[in-house]
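Here, residue 1 is the first one in the sequence, and each next residue gets the next number. Because the structure is predicted, anything quoted here is derived from the model rather than measured.
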Amino acid sequence: MAQGTLYIVSAPSGAGKSSLIQALLKTQPLYDTQVSVSHTTRGMRPGETHGEHYFFVEKHEFERMIEEEAFLEHAKVFDNYYGTSRQAIEQVLATGVDVFLDIDWQGAQQIRAKMPGARSIFVLPPSKEELDRRLRGRGQDSEEVITRRMAQAVAEMSHYAEYDYLIVNDDFDLALSDLKTIIRAERLRMARQKARHDALISKLLAV
């Protein structure tokens with residue numbers, strides 16, 4: 001069976017990476033593409049489901065997993081841990097399913113070091129003005145928070161060249177098409193096609 005591909009997708013807040021991933025998943029069957037589910041020590045919020053939104057674990061359990069090097073990457077954010085389980089990712093990839101991981105550039109660096117076969121995609125907004133408009137359009141943040149998010153976005157965007165692919169999300173449908181094209185091209189790579197069509201190739205080459 002062909003091995004699935006791990007896709008790392010990063011972008012500043014407001015660039016639209018989560019919307020792109022969700023739109024992509026709606027066009028792909030579960031046996032082809034899934035999104036990674038992270039572990040966290042934060043409490044479960046209303047409407048969330050264990051194993052679907054996150055794997056909710058106790059702090060001592062998470063720290064035990066850190067000691068056992070069970071995470072491809074992990075970070076502590078506002079007193080809560082978040083991490084990506086190596087075993088969970090590898091089990092899905094082994095079934096031939098592609099996995100998408102929505103993560104920041106720091107987590108991406110950790111994962112690339114441990115899984116060099118992963119493919120990485122960075123999503124940029126078309127302009128600072130548009131990014132500012134999108135952040136304000138949410139109607140959730142104060143002026144101070146928006147200013148901080150914009151400064152953080154510039155810092156995050158400076159790492160774009162570390163990635164394999166770059167998508168500018170100006171027109172959403174076009175950006176989604178670009179994302180699909182990347183996936184299609186990766187699935188047509190020689191090693192993956194050879195594994196998938198091994199029986200056919202053997203018959204074609206039989207004397």
Side-chain angles (χ1 to χ4, degrees), residues 6-26 34-49 52-56 59 62 66 71-85 89 99-113 118-180 182:
L6 175 61
Y7 291 95
I8 303 165
V9 186
S10 303
S13 178
K17 71 178 183 302
S18 297
S19 297
L20 282 171
I21 292 172
Q22 291 305 315
L24 174 75
L25 292 177
K26 289 178 181 177
Q34 293 180 24
V35 68
S36 171
V37 179
S38 299
H39 283 65
T40 185
T41 58
R42 77 157 172 78
M44 192 184 303
R45 294 170 182 165
E48 289 184 331
T49 304
E52 180 182 345
H53 298 92
Y54 285 98
F55 292 110
F56 297 94
K59 183 179 179 182
F62 198 104
I66 292 175
F71 292 112
L72 286 172
E73 61 79 34
H74 69 275
K76 193 172 186 179
V77 183
F78 301 121
D79 297 325
N80 289 310
Y81 284 114
Y82 295 84
T84 304
S85 164
I89 293 287
V99 178
F100 273 79
L101 184 55
D102 179 345
I103 201 164
D104 67 13
W105 66 269
Q106 291 166 306
Q109 287 182 341
Q110 293 181 51
I111 291 175
R112 275 194 296 263
R119 293 289 178 263
S120 54
I121 304 165
F122 201 92
V123 181
L124 287 174
S127 67
K128 283 186 177 179
E129 291 75 17
E130 175 61 17
L131 184 62
D132 182 85
R133 187 191 69 78
R134 291 177 186 177
L135 291 174
R136 292 178 186 280
R138 295 175 177 178
Q140 299 173 338
D141 301 320
S142 65
E143 189 67 31
E144 180 183 353
V145 170
I146 290 174
T147 299
R148 188 167 68 244
R149 285 187 181 276
M150 286 296 295
Q152 183 180 5
V154 173
E156 291 172 349
M157 289 187 291
S158 70
H159 293 273
Y160 78 94
E162 299 171 11
Y163 290 71
D164 299 312
Y165 297 97
L166 183 65
I167 293 176
V168 177
N169 185 14
D170 185 1
D171 178 286
F172 186 84
D173 290 338
L174 179 58
L176 179 58
S177 177
D178 288 342
L179 185 56
K180 290 178 181 177
I182 291 170

What heavy-atom pair brings [X] and [Y] nearest, and what distance separates the two atoms?
| X | Y | value |
| --- | --- | --- |
| Glu156 | Pro12 | OE1-CA, 2.9 Å |
| Ser36 | Ile89 | OG-CD1, 3.5 Å |
| Thr84 | Ser38 | OG1-OG, 4.1 Å |
| Ser85 | His39 | CB-CE1, 3.6 Å |

Return the [atom1] to [atom2] distance between [X] and [Y], rounded to the nearest 0.5 Å.
| X | Y | atom1 | atom2 | value |
| --- | --- | --- | --- | --- |
| Ser10 | Asp104 | OG | CG | 6.5 Å |
| Gln109 | Glu73 | CD | CD | 11.5 Å |
| Leu135 | Arg148 | CG | CZ | 12.0 Å |
| Lys180 | Leu24 | NZ | CG | 7.0 Å |
| Tyr165 | Ile8 | OH | CD1 | 13.0 Å |
| Glu130 | Leu124 | CD | CG | 13.0 Å |

| task | Please assess Leu6 against Ile111 for the test side chain to side chain contact (heavy atoms under 4.5 Å, CB included), listing each intermediate value before the final yes or no. | result | CA-CA 10 Å; Leu6 175 61; Ile111 291 175; 3.9 Å; yes
| Whether over 12 other heavy atoms sit under 6.0 Å from Lys76 NZ |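 Yes, the 6.0 Å shell around NZ holds more than 12 heavy atoms from other groups.
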| query | So does Phe55 have more than 12 non-hydrogen atoms from other groups sitting under 6.0 Å from CZ? | reply | yes
Looking at residues at least two apart in the chain, or sitting in another chain, which of them share a side chain to side chain contact (heavy atoms under 4.5 Å, CB included) with [X]?
| X | result |
| --- | --- |
| Met44 | Glu48, His50, Phe56 |
| Glu52 | Thr49 |
| Glu143 | Arg136, Thr147 |

| message | Is it the case that the side chain of Thr40 and the backbone of Tyr82 share a donor-acceptor pair, with hydrogens and angles ignored and the cut-off at 3.5 Å? | response |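 Between the backbone of Tyr82 and the side chain of Thr40 there is no qualifying donor-acceptor contact (under 3.5 Å).
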| field | Side chain to side chain, Val154 and Lys128, heavy atoms closer than 4.5 Å | value | yes
| said: Parallel, tilted or perpendicular, judged at 30° and 60°: which one describes the rings of Phe71 and Phe62? | reply: parallel
| task | Only pairs at least two apart or in different chains count here, so list each salt bridge (Lys or Arg N to Asp or Glu O under 4.0 Å) that has a residue in residues 17-26. | result | Lys17-Asp102
| note | Applied to residues 119-156, the ring-ring contact (aromatic ring centres under 6.0 Å, His included) test, sequence neighbours excluded, yields Phe122-Tyr163
| Ionic contact status for Arg133 with Glu129, cut-off 4.0 Å |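 So Glu129 does not pair with Arg133 through a salt bridge.
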| said: side chain to side chain contact (heavy atoms under 4.5 Å, CB included), that's the test. Do Glu162 and Arg112 meet it? Break it down for me. | reply: CA-CA 10 Å; Glu162 299 171 11; Arg112 275 194 296 263; 3.4 Å; yes
| request: For Leu179 and Phe100, run side chain to side chain contact (heavy atoms under 4.5 Å, CB included): C-alpha distance rounded to whole Å, both residues' side-chain angles, the deciding distance at 0.1 Å, then the answer. | output: CA-CA 11 Å; Leu179 185 56; Phe100 273 79; 4.2 Å; yes
With a 3.5 Å cut-off and sequence neighbours excluded, list the donor-acceptor pairs that the side chains of residues 166-177 form with protein atoms.
from	atom 1	to	atom 2	distance (Å)
Asn169	ND2	Ala15	O	2.8
Asp171	OD1	Asp173	N	3.1
Asp171	OD1	Leu174	N	2.8

